[in-house]
2 protein chains.
Amino acid sequence: MAASATREKIVTAADRLFYERGFEATSFAGVAELVGISRGNFYYHFRTKDEILDAVIERRIKDRHEMLEGWVDSNQTPKQCIASFIGILVMNNTKIRSFGCPVGTLFSELAKLDHPGGSGARELFDLFRIWLRRRFEEMGRGQDADALAMHILARSQGAATLANAYPDEPFLETEVAQMLAWLDAVAGSQDQNDEKD
Amino acid sequence: MAASATREKIVTAADRLFYERGFEATSFAGVAELVGISRGNFYYHFRTKDEILDAVIERRIKDRHEMLEGWVDSNQTPKQCIASFIGILVMNNTKIRSFGCPVGTLFSELAKLDHPGGSGARELFDLFRIWLRRRFEEMGRGQDADALAMHILARSQGAATLANAYPDEPFLETEVAQMLAWLDAVAGSQDQNDEKD
DNA sequence: ATGATTCTAGGACAATCGACCTAATATCAC
DNA sequence: GTGATATTAGGTCGATTGTCCTAGAATCAT
């Protein structure tokens with residue numbers, strides 16, 4: 001098989017296991033077994049566990065970047081773009097209920113491990129933050145665009161964490177509805193050009 | 001030394017390491033070293049790692065319970081109580097910036113590990129949730145008291161996660177100020193008896 | 001087809017994990 | 001003080017970890 005294909009399969013499997021089990025709890029053997037290759041073959045493609053982590057983070061950044069830019073390119077208004085971002089919580093609600101937010105939980109773990117890969121995980125936050133900030137700027141919120149972006153990010157993180165803690169309750173949907181209402185209020189005050197959050 | 005004293009020191013050390021390094025990444029040897037005892041002695045007090053986890057969670061529940069009830073007993077108004085809860089973020093802001101929320105990060109990790117101790121970690125969420133709900137009820141919010149409690153919980157979790165991701169920014173303080181403003185609005189609408197979040 | 005290169009399998013390494021055992025020490029009852 | 005009990009120290013166990021090595025299989029250029 002082409003080396004790149006095997007490598008891609010490894011990254012896919014590691015991405016999944018890092019999310020579902022955590023980075024520390026995922027072993028070389030576990031990933032190799034999921035892919036269906038030997039541990040030796042594994043080592044041919046990735047020399048250390050950190051290299052896999054870097055590849056997984058890079059993959060996640062690429063995926064999210066394409067998703068975000070896809071919304072922008074499909075002629076959605078800035079407000080619709082932000083609504084689509086909020087909608088991620090609903091779209092992935094099953095996985096979030098089981099394993100939390102892929103971005104937040106990975107970052108939290110790496111922060112505790114004091115792992116150098118933590119800076120890559122922060123890039124994921126930055127990706128969303130900057131993208132959201134730009135959408136708010138396009139909505140005429142040049143002044144507090146970054147604060148609004150951080151606010152949405154934080155509420156998404158909180159919603160994901162509690163959805164994980166209470167997976168059987170419709171909390172996630174309720175919180176998403178509130179966030180969309182908040183977005184409406186922010187967009188509305190864009191025209192009237194006043195009112196604060 | 002009295003057995004109970006050594007046991008307490010073990011729980012204290014494990015509590016700290018579980019928070020700062022995570023449950024999985026904390027070893028028997030690490031805790032024993034921090035306490036200053038041998039691994040063998042350790043095993044005399046706790047037969048399995050899960051037993052330590054249970055003891056740590058029990059300790060955390062007890063501590064938080066006493067803190068919350070202390071506020072109630074000190075003749076604070078329900079609104080002041082909730083403000084004190086929000087103030088935890090500021091009081092512990094240094095640790096939160098380094099290691100996130102002790103409740104949320106522990107729960108996330110245990111959820112990924114599919115660990116039975118996860119139910120105990122959820123009790124910690126329940127403790128805050130029920131306490132907050134009661135305070136909102138005392139504020140005359142019988143109808144949506146639970147929703148308001150969950151909302152505050154979620155925003156606290158989100159604020160802690162992002163404060164961990166951006167420890168050098170004053171985001172935590174900003175978010176706390178917004179939460180307190182939100183609390184003012186909720187308390188205000190208590191009298192007028194309308195207005196939604 | 002033959003040789004060079006790429007890819008894979010499986011074993012081996014030291015280190016560390018949670019867990020367990022035994023012997024020595026400290027504490028206390030009497 | 002003496003014996004019973006409670007507590008501690010340190011070694012050991014099999015399993016698993018990340019890492020590494022080597023030999024064989026597959027692929028490709030020529």
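Just so it is clear: chains get the letters A, B, ... in the order the sequence lines come, proteins before strands, and each one is counted from 1.
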Rounded to whole angstrom units, what separation is found between the [atom1] atom of [X] and the [atom2] atom of [N]?
X: B:F28; N: D:dA9; atom1: CZ; atom2: C1'; result: 16 Å
X: B:F46; N: C:dC20; atom1: CZ; atom2: C1'; result: 17 Å
X: A:F42; N: D:dC21; atom1: CZ; atom2: P; result: 18 Å
X: A:R39; N: C:dC7; atom1: CZ; atom2: P; result: 21 Å
X: B:H115; N: C:dG18; atom1: NE2; atom2: P; result: 11 Å
X: A:E51; N: D:dG18; atom1: CD; atom2: C1'; result: 13 Å
X: A:K9; N: C:dT8; atom1: NZ; atom2: C1'; result: 13 Å
X: A:F18; N: D:dG18; atom1: CZ; atom2: C1'; result: 12 Å

Can you tell me if [X] touches the phosphate of [N], counting only side-chain N or O atoms and a distance under 4.0 Å to OP1 or OP2?
X: B:S27; N: C:dT16; value: no
X: B:S38; N: D:dT8; value: no
X: A:Y44; N: C:dT8; value: no
X: B:H45; N: D:dT8; value: yes
X: B:N41; N: D:dT7; value: no

With the side chain of [X] defined as its heavy atoms from C-beta on, choose the nearest nucleotide among [options].
X: B:R47; options: C:dC20, D:dG18, C:dG18; value: C:dC20
X: B:Y43; options: D:dG18, C:dC20, C:dA9; value: C:dC20
X: A:T6; options: D:dG18, C:dT8, C:dG18; value: C:dT8

Problem - Distance under 6.0 Å and angle within 45° of ring axis: B:R133 vs B:W131 - result: no

Handout entry: Lys NZ or Arg CZ of A:K49 over A:F23 ring: under 6.0 Å, within 45°
Key =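 A:K49 over A:F23 ring: yes.
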
Handout entry: Salt-bridge criterion met for A:R16 and A:E20 (N-O under 4.0 Å)
Key = yes

Handout entry: Cationic N near anionic O, under 4.0 Å, B:D144 to B:R141
Key = yes

Exercise for the section: Specify whether B:F42 and B:F28 have parallel, tilted or perpendicular ring planes, treating 30° as the upper limit for parallel and 60° as the lower limit for perpendicular. Expected result: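 Geometry flag for B:F28 against B:F42: tilted rings.
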
Exercise for the section: Would you mind telling me which residue lines up with the more 5' stretch of DNA chain D, A:A29 or A:G40, judged by nearest nucleotide? Expected result: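 Whichever sits nearer the 5' end wins; that is A:A29.
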
